[in-house]
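Below: one structure, written as structure tokens.
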Amino acid sequence: MRLDHLSYACGPDGCRATLERLSALLGAEFVDGGVHPRFGTVNHVLPLENDRYIEVVDVLDHPASDKAPFGQAVRARKELGGGWLGWVVAVRDMERMETRLGRQSVPGNRHRPDGVNLTWRQIGVKGLIADPQLPFFIHWDDLSEHPSIGGKGVKLTALEIAGDPARVTDWIGHPADHLLDDLDVAWVGPNGQPGLVAAVFDTPNGIVRL
């Protein structure tokens with residue numbers, strides 16, 4: 001179990017404006033990650049060091065985005081102005097997580113522009129929607145095409161999460177601080193709106209808090 005990636009929703013001004021702003025801040029370019037046909041969303045990816053990445057996601061005008069929880073979550077965050085949608089934890093044993101949460105995981109895929117079709121299973125997006133401090137979970141079918149491949153020059157160093165580490169620990173079944181022990185994690189605003197507040201990166205532009 002490890003932190004796999006961070007998800008950032010485009011703002012109402014569109015994904016291009018969001019990507020240009022983030023690329024300028026981080027000193028690195030996002031690449032087109034393709035469409036999530038099951039979720040009605042599209043993403044762009046920035047590989048990071050330490051086998052992690054950032055995805056910037058936007059919702060499509062497609063029926064799938066109204067039905068799939070991930071599409072619903074992206075749309076809701078976009079309507080709030082965009083920004084951090086949440087954090088995602090990779091698990092090796094999805095069946096164990098299904099048993100823990102009492103529900104079935106759902107298949108996901110996206111077709112990259114280079115023709116590669118990435119596939120995975122995910123679970124817990126409804127938990128994120130109900131309580132945005134909570135991560136959701138992903139199990140990759142083929143790690144040889146993981147979106148972090150090629151990441152260099154930008155490193156995630158810290159997170160600020162509005163929430164309660166005890167609540168997150170209960171959700172993931174693993175001490176939240178141990179899961180993030182290579183990062184500086186600040187748990188802030190336990191009585192305010194929960195969620196991922198900010199992430200800090202070591203970049204070619206220096207230290208950037210986003």
Side-chain angles (χ1 to χ4, degrees), residues 3-23 29-48 52-91 94 97-98 101-143 145-149 171 193-197 199 210:
L3 175 62
D4 188 75
H5 67 276
L6 305 179
S7 187
Y8 192 99
C10 294
D13 56 348
C15 221
R16 175 172 293 184
T18 299
L19 290 167
E20 288 177 352
R21 179 174 60 84
L22 296 184
S23 294
E29 295 295 323
F30 286 75
V31 297
D32 186 349
V35 172
H36 303 126
R38 296 176 183 270
F39 307 146
T41 54
V42 62
N43 87 342
H44 287 75
V45 171
L46 176 64
L48 304 174
R52 294 168 175 154
Y53 69 98
I54 307 170
E55 68 168 355
V56 173
V57 288
D58 200 4
V59 67
L60 300 173
D61 184 14
H62 189 279
S65 65
D66 296 323
K67 297 178 181 179
F70 187 74
Q72 295 169 6
V74 175
R75 186 183 301 279
R77 186 64 181 134
K78 181 174 183 176
E79 290 175 350
L80 289 173
W84 290 116
L85 178 66
W87 52 298
V88 186
V89 172
V91 296
M94 181 56 83
M97 188 58 67
E98 290 174 334
L101 298 183
R103 68 193 73 165
Q104 293 295 308
S105 61
V106 299
N109 73 296
R110 61 179 168 85
H111 299 281
R112 293 194 325 213
D114 63 2
V116 172
N117 182 40
L118 294 181
T119 61
W120 64 87
R121 298 193 68 85
Q122 65 185 51
I123 193 172
V125 175
K126 290 183 179 179
L128 166 72
I129 292 173
D131 189 354
Q133 69 181 297
L134 303 177
F136 67 94
F137 306 95
I138 189 169
H139 173 79
W140 293 95
D141 293 333
D142 183 2
L143 287 174
E145 295 290 347
H146 191 266
S148 68
I149 291 174
W171 171 249
Q193 177 65 34
L196 178 57
V197 176
L210 178 61

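Hydrogens, waters and symmetry mates play no part in the numbers below; they use all other heavy atoms, side chains included.
Closest non-hydrogen pair, Leu118 versus Pro147, comes out as CD1-CG, 4.2 Å. Of all the heavy atoms in Asp32 and Asn43, the pair that sits closest is OD1-O, 3.8 Å. When all heavy atoms of His111 and Pro37 are compared, the pair lying nearest together is CD2-CG, 4.3 Å. Heavy atoms only, all atoms of each residue included: Gly34 and Val42 are closest at O-CG2, 3.3 Å. Of all the heavy atoms in Gly124 and Arg103, the pair that sits closest is CA-NH1, 4.4 Å. Smallest separation of non-hydrogen atoms from Gly11 and Thr18: N-OG1, 3.2 Å.
At distances below 3.5 Å, not a single donor-acceptor pair connects side-chain atoms of Arg110 with backbone N or O atoms of Val35. Remark: the backbone N or O of Glu145 is not paired with any side-chain donor or acceptor of Trp140 at under 3.5 angstrom. Panel note: side chain Ser105, backbone Ile123; no donor-acceptor pair is recorded below 3.5 Å.
The side-chain contact (heavy atoms from CB on, under 4.5 Å) test with Val56 is passed by exactly one of Leu85, Leu6, Leu19, Val45: Leu19.
The neighbour count for Arg21 CZ, taken as heavy atoms of other residues, nucleotides or ligands under 6.0 Å away, is above 12.
In this structure, OG in Ser148 is found 11.0 Å from CG in Leu46, a value given to the nearest 0.5 Å. Here the NE2 atom belonging to His44 is positioned 15.0 Å from the OH atom belonging to Tyr8, to the nearest 0.5 angstrom. For the atom pair CZ of Phe136 and NZ of Lys126, the computed distance is 14.0 Å after rounding to the nearest 0.5 Å. The OG1 atom of Thr41 sits 7.5 Å away from atom CD of Glu55, with the distance rounded to the nearest 0.5 Å. Here the CD1-CZ distance, from Ile138 to Arg121, works out to 11.5 Å after rounding to the nearest 0.5 Å. Between Trp87 atom CH2 and Gln133 atom CD the span is 9.0 Å, to the nearest 0.5 Å.
Inter-residue side-chain proximity for Pro107 and Thr119 is flagged as unmet; no heavy-atom pair is nearer than 4.5 Å. Two residues are said to be in side-chain contact when any heavy atoms from C-beta on lie closer than 4.5 Å; Phe137 and Asp4 fail this criterion.
Judged purely by distance below 3.5 Å, without hydrogens or angles, the side chains of Trp171 and Asp131 never pair a donor atom with an acceptor atom.
Note: Phe70 and His36 have perpendicular aromatic rings, judged against thresholds of 30 and 60 degrees for the angle between ring planes.
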